[in-house]
Structure formats: structure tokens, C-alpha cells
2 protein chains.
Amino acid sequence: MTLADQPPAAALVFQTLLQHGPLSRAEIGRRTGLTPGAVTKVATPLMADGWITEVGRPATEGASGRPATLIAVRAERALFAGVKVTGEELIGVLADLTARPLATGRVLLDSRDVGTVVLAIAGLVDELRTAGGMAQSDALHGIGVTISGDVDSRLGTVQYSPFLDWRRVPLAQLVESAAGAPTVIENDVRALTVAEQWFGAGAGLSTFALVTVGAGIGAGLSIGGRVVSGAHGVAGEVGHLPVSGVERVCTCGNTGCVEAVASTHAITEQARQATGNARLTMDEAVRLAHAGDPAVRAVFAGAGRAVGLALACVANLIGPERIIISGEGVASYDLFADHIRQSFVDHAFGAAVDCDLVVRPLPFEEWARGGAAVAAQRVFAPAK
Amino acid sequence: MTLADQPPAAALVFQTLLQHGPLSRAEIGRRTGLTPGAVTKVATPLMADGWITEVGRPATEGASGRPATLIAVRAERALFAGVKVTGEELIGVLADLTARPLATGRVLLDSRDVGTVVLAIAGLVDELRTAGGMAQSDALHGIGVTISGDVDSRLGTVQYSPFLDWRRVPLAQLVESAAGAPTVIENDVRALTVAEQWFGAGAGLSTFALVTVGAGIGAGLSIGGRVVSGAHGVAGEVGHLPVSGVERVCTCGNTGCVEAVASTHAITEQARQATGNARLTMDEAVRLAHAGDPAVRAVFAGAGRAVGLALACVANLIGPERIIISGEGVASYDLFADHIRQSFVDHAFGAAVDCDLVVRPLPFEEWARGGAAVAAQRVFAPAK
DNA sequence: TTGTCTTAGTTTCCAAAGGAAAGGTAAGGT
DNA sequence: ACCTTACCTTTCCTTTGGAAACTAAGACAA
């Protein structure tokens, strides 16, 4: 049995359990608007097939009436592999239905040739299966491959990937043949947003944005429960918003881009200029800033201001409930934080300042987890 | 009979006819995914109650098979009043189901007191009924009142209107009592976006933005068929995006706002400074610019650049299929156009430049038409 | 003229889905 | 022991829209 065979209410119940954890049938009914009878009817086959299970009683004191029975998703019912592809390496996770990582792995790529990468993905997936203790006979429910650039997840093709120099590669199909499991592909930031929407700081919110700050600066937007893709595949490009106060020229050729002052590369460059040390690394820049070097601190301050302006743009335009700030650079986050918040507050218009800013670390395997979340989503939220 | 009594498929059929004009039953089935049988079943009661009607044959040459019968919406089946409230006056229209204006009217307000304004709205609605030739016994299907500021259309309250200095005014209920017809209220720009979504340049698009340039600069965003409202009531505030190259201080206290250089007021101010004529009007500025005055032309160029940057922000963030530029200033649009387009193209990232820019005049009654569209939407797209 | 082909539209029948409401169940309270 | 309360299950029924057979209306050819 697959979830897709089940009536719409089954998906609703399952999704509610995924997002809110163990609930009683009555509570599910209240949250979804279904009648108790409908919940029971729909939950029975799900339980028979191992998708959900009863997990005991809620800890309620002095409640009158028949005690409730909690039911919860059986996360291990289906396993997924998530693989993030960069220009240099693959990062993979084996994860369950809630995108919880069970095993992780990395593989260096020695070529960006499509065939080589596809084989490497298939190899990594096999490795993850073994590392996760899966028997040969256990089937993987799905594979999610994520990659930065212009990805058409419906067609399953990478339209354009600048880092790999790929154009119109039907990657989903290629990986599916090589690895032998249903495969979906998605833009990396959108995949991360999907993971947050279902299992992270975006769960239950109608509208939120996820901003990643690192080598590049990007964002995923979830509006009304849907991650926006953009009519031409472009959306959430906060890195290239032309905000004020940025004089440096961006790699895209423009001045004013947030990325021109706040990407890891841009910060390193600016710190080198500020110190006159042409071999300064990001780590060293962070150390200098923490030690109080005023010129380097100014570089981080400028980056923080630019990011704050970008967040203000997002808040003024779409008015999210929350903006999740995520990035590799969270070790150095204290160097930006105040400037981000300050310039956000200064430039958010009216009630947009009420938008909640949340910081979230982004460990390397998190990117791959996004892939697993996208693959899992295919199972529990089919055909949107 | 109301449309809300009818099955979901009825709304689907009706909406398809509204957006695409007369279609045969078979064609409706193809577009909506319904079976021909379902279309017939659902169309019969709609026709019996006068919501739709057969309008003849399509002009097909040499087609084989039984000729099709076109059906279309009977726009006059329901009439709506739309009223836009500003600090100085009311603008009203009487419109049919397709938001086509049948009569228009304006009333000056001599007070911004809530009670006075509500009575004035009721009076204007009555006037429109008469002007549109409605009998006393004919019922208005709905009233839509639009107003700039923070409007909660679900609650029916104006949370905050800067121009009227209103806070938490339950306007929908007040107008409903005074005018005796079901009333909805909505933010003015969002209402305009609804009108474009159903009956204008946004019909059939999954994602588009409508930008209005005038006394203020705002935008409505329609994403996946829904106009976004923002979690805190703020969305589409393109006028206060902190874009680069803007030095002037905005009324909101910040520098960098688009509105600080491109609103009608800001342009007039800058033109006065440029010419040294402290009493210059907008019309005179336009004339001077058309005559070739370099300083004044530079003011318009700067405004155009800022608007273009704002459009680039919208395109980079949400990736709409189309951006509709609308405003009172379309008479002077030629003074901006090239600069808007140029700075948009320069700063739109990647495929976002493929976004279609469309210019649309915004006659004064268009604002009120938005209200009628919102009221009509309540009838044919209930309970979203 | 008449039969055939093609597409449009209608009708009948049926399966799926979920609501209504009655009934069964498990606890605490009296 | 019995009542109350809230949870859960079951039965029955309505609504909805699909499947498929059937009718309708025109073009075309024999």
C-alpha cells in the first residue's frame, strides 16, 4: 500500500502527525476539521500498513472522560537518501520519513562530467544503505538530489548549474536508472526550505523565508504552504537584491548586490584589503574580528548591514511570519547579528518588524537532508 | 440560489468562464479536467438560475462533428458596488460580475470621522444604484470598500489607516448596516490585484505582481492564484524597499526608500529644488522635462531607476511571470520608461529578466473597480 | 437520399469520500 | 453501583464526480 492510494483525508491526517508529533484521534479531528469518525476510518488502514502506530497516553492530570490514545508516524516505515551535489563533492544522508539522518557520507568528485557524477551518486547511495544497516532486499523509498542553480523539479532536469557547468541535464532519470530508486531533484535552497517547512522552524507557519548565508546568499520562500519556484526558475535570489550602501562590484557584474559584501568570499576579500594581508583566510578574519581589529570588524558590520537590508526587503515584500537565517558562518554569527537585526528593524516597514528572526546552524549534512525531505514529501504530499 | 450552494465543480466551471470568456462545455471539461458529464450536470442549475447562458456557436470553419454550443457568464446576474476611500474623497463604481463599470461617482469628504465616512459611503452607493438604473427592489449583491493601509479583510476591520487616522475600525460591519448589503473591505492595492487577477492583465497567470506608482508606491503580489496579505498585514511594500542609489530621506524616516525619489510628491520636491522654483507643480515638471530641461529630466531618470530597482527586487525574490506597472503618472510614463526598463534589466538576476513588464493606465475609477472585484470574488470564489 | 464518421452534449449508473448520529468504551466522581 | 465525560467506532446516508452508454447535429461520401 502506498499513501497515494488512500483518500485525501489520509494525507491530511498523516501530515498533521508529521508536523505536530503524537496526537489523539480526537485532536487530529479538531485540527484538520475532520469528524472523529473520518479520522478513525482513515487511520485504520494507515496503522494496518505500518505508517502510523499507537504510542500510549498523553500525560494529562485529572482529565475527565475516556483517556485519549496518542498515535504517531512510524518514521522508519520508509527510508530516503538525500544527496547534495556541489562542484567539488557529494554530501549524502540516509534519512527516515521525518528527514532524521540515520547515516551520512561524503565523496569527493574528480570530474564534473555528468556520467561520472551520476555514478558517484549511485555509489554514495549504496554506501549509505550499508552504513544505515539496510539489507540488500530493503527497498529505498526514494532519492532526492539537490543542486544549486536552475532546477526544474517537475521535469526532473537541471536547466543550468553554474558550478558544474551543466545545461539541460535530465538528472532525475539518470540517477533513477543508476541507483534503482524513484528519484526527484530540486534546487538546494528550495529543498532546505521544504525540510524546514515540514520538520523545522517553519512547521505550522503559513508563510516564512529561509535565508542561507555562506559561499552564496540565497533564500527559499514558503508562502501558503507552498515553496515558490518562480515562473522562470528564479526565486529567492536575495544575494542579488540591489540594496543601498553597497559599493563593491558583484560577480554578476552589478554594484549593490548583497552577495558582493556578505558572501564568505566577499568578506575574505574585504578583510584582505583592510589588513593588507593578501593571504588572510576567513577563519583568520573571524579571529581578528573577535580580537577587536576595528577594520575587520567593520567588514563584518557592513556584511551584517547588507544582510539586514535583504531581510527587510523580504519582510516588506511578502510579510512572512518568520525569517530563518541559516549558514555555515554561524560560528561568526555574533559578528553580524546586531547589525543584521539593527538594519532589519530600521528598514522593515510598519508591522513588518514583527517578523520573527530566527538563527539556525547549518551543519554540512543539513543540505543533503533537504534532498531527503523532498523525496519524502513525494510520499506524503503527492501530486500538488 | 447562490453559487455557494453548488458543488465545487460549479465554482470551477464558473471561474473558467469568467477568466476565458465563452467556451463550449467540452472545452471547459478539457481545461478544468472535469468529464463532459460533470460539466453538463453542474452547468444545468447554473443556467436555470441565470448565472450562465448559451451564447451561440463558435466561428469554426470546416470542423467535423457536432458543432459546439458556447456558454458564457451572464455578467448582469449580480451587481456590486466598489468604493475606494481616500483622505479627501470617495470614488465609487457600480459594476457587474466581471467588474465592468456601469456607473461611476465621486464624493468629497468634509470629515474623516468614521460615522461621517460610513454615511457618505452609504449615500454614494445609493447614488450609484440610481445612476445605474437599478430599481428600489433590485438587491445589490455586495459592496467592496477599499482603503490604503493595514486592512484585515477576514475580520472586516481597518487596523490602521494613516490617511484617515483610523485604528481598529470595524468598517465592513458599519457599512453593511448603513448600506444594507453584504460588505467586504480590503486594502486598495490588493483589491486592484484581485481585479487584475480575474479580469485584467493577470488573468490566467500563476504568479504576477502589480506595482502602482503615484502618490505612494505599492505592489500587490499574486502567487499561485492567491493575493498575498502578509502575516502582519504588510506585504508588497515596494515603496519602502531600501534600494541603492537613493540618498533622500523618506517620510518613513529612512534613506534608500524608492518612495523617497519616485512618488509624485518626491518628484515634485526634487524638481522644485532642481529648478529653484518653489511652487512648481507636477504637471509643470512634466512639461519642463518634455521640453528638455536637463535638471528636471534627471529627476525623472532617478525616479525611473529607483522603480526599476524595485521591480528587480520583486523579480529576483518571487520570480513572477509578469509585472504590471500602473499609475496615475502614465501621462509622464515616457519620462521614466527607459530608465525603469534599463535598471530592471541590469539588476534582474539570471532568468528573472524574462519577466514580462506591462504598463497599464490607472484611471481614477479603476481603484473603485478593485472593490467591486473583491465583492464579486466573494460570490464566485467563496471561502478560500 | 441515406448511411457513416466525428465531435458535442446528456443520461444513467456507480464508487468513493466524508458527515451525522447513535452506540460502545474507559476513566473519574458521587 | 451509577452517572458523567470525553474518546473512539460503527452504521447509515448524502454528495460528488467519473465511466460509459447513448443521443444530437453537422459534414461527407456512396
Side-chain angles (χ1 to χ4, degrees), chain A residues 1-17 20 22-49 51-72 381-383, chain B residues 1-17 20-48 52-72 382-383:
Chain A
M1 188 194 91
T2 66
L3 287 177
D5 305 331
Q6 298 301 116
L12 204 58
V13 167
F14 196 76
Q15 289 167 19
T16 306
L17 287 175
H20 302 287
L23 295 172
S24 71
R25 292 172 177 78
E27 184 58 28
I28 295 171
R30 268 173 242 125
R31 298 206 189 198
T32 57
L34 294 169
T35 59
V39 176
T40 293
K41 200 182 318 188
V42 113
T44 307
L46 288 180
M47 204 169 308
D49 203 50
W51 291 99
I52 58 177
T53 183
E54 301 195 335
V55 294
R57 298 283 169 81
T60 47
E61 292 289 307
S64 65
R66 174 176 172 177
T69 311
L70 296 177
I71 53 182
Chain B
M1 189 195 87
T2 67
L3 287 178
D5 305 331
Q6 298 301 114
L12 203 58
V13 166
F14 196 77
Q15 289 166 19
T16 306
L17 287 175
H20 302 285
L23 295 173
S24 71
R25 291 172 177 79
E27 184 58 27
I28 294 171
R30 268 174 242 125
R31 299 208 188 197
T32 58
L34 294 169
T35 58
V39 176
T40 293
K41 199 181 317 187
V42 113
T44 307
L46 288 179
M47 202 169 308
I52 58 177
T53 183
E54 299 194 336
V55 293
R57 297 282 169 83
T60 47
E61 293 288 309
S64 65
R66 171 178 173 176
T69 312
L70 296 177
I71 54 183

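In what follows, chains carry the letters A, B, and so on, assigned in the order in which the sequence lines appear, proteins first and then strands, with residues in each chain numbered from 1.
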Does a distance-only test, which skips hydrogens and angles, find a donor-acceptor pair under 3.5 Å between the side chain of B:R66 and the base of C:dA8?
yes

Would you compute the distance between atom OG1 of A:T35 and atom CZ of A:R30 and round it to the nearest 0.5 angstrom?
13.0 Å

From the options C:dG9, C:dG18, D:dC7, select the nucleotide whose nearest atom is closest to the side chain of A:A38.
C:dG18

Does A:I28 reach the side chain of A:I71, with side-chain heavy atoms less than 4.5 Å apart?
yes

Return the value, rounded to whole Å, for the distance between atom CG of B:L34 and atom P of C:dA8.
16 Å

To the nearest angstrom, the CD-P distance between B:E54 and C:dA8 comes to 15 Å

Between the base of C:dG9 and the side chain of B:K41, is there a donor and acceptor pair under 3.5 angstrom?
no

To check you understand the geometry: which heavy-atom pair defines the closest contact between B:V55 and B:P22, and what is its length?
CG2-CB, 4.0 Å

Rounding to an integer number of Å, can you tell me how far B:I52 CD1 sits from C:dG9 P?
12 Å

In whole angstrom, what separates A:M47's CE from D:dC8's C1'?
11 Å

Contacts of A:E27 and B:G37 projected onto DNA chain D by closest heavy atom; the upstream (5') one is A:E27

Nearest-angstrom distance from the residue atom CZ of A:R25 to P of D:dC8:
6 Å

Please report the distance, rounded to the nearest Å, between CG in B:L46 and C1' in C:dT10.
16 Å

The side chain of B:T40 lies closest to which of these nucleotides: D:dG26, D:dC8, C:dT11?
C:dT11

Under 4.0 Å between any heavy atoms, over every strand shown, what does B:P36 touch: base, sugar-phosphate, or nothing? Just pick one.
base

Minimum heavy-atom separation for A:T53 to A:M47, with atom names?
CA-CG, 4.3 Å

Under 4.0 angstrom between B:S64 side-chain N/O and C:dT6 OP1 or OP2:
no

If you find the nucleotide of DNA chain C closest to B:R30 and the one closest to A:Q6, which residue's nucleotide is nearer the 5' end?
B:R30

Separation of B:L23 atom CG from C:dG9 atom C1', in whole Å?
15 Å

Looking for any heavy atom pair under 4.0 Å, which part of the strands does B:S24 touch: base, sugar-phosphate only, or nothing?
sugar-phosphate

Specify the closest pair of heavy atoms between B:L46 and B:A10, including all atoms of both residues, with the distance to one decimal.
CD1-O, 4.0 Å

Phosphate contact (D:dA25 OP1 or OP2) by B:R57 side-chain N/O below 4.0 Å:
no

In whole Å, I'd like the distance from the CG atom of B:L70 to the C1' atom of C:dA8.
12 Å

What does B:T44 touch in the nucleic acid at a heavy-atom separation under 4.0 angstrom: a base, only the sugar-phosphate, or nothing?
nothing

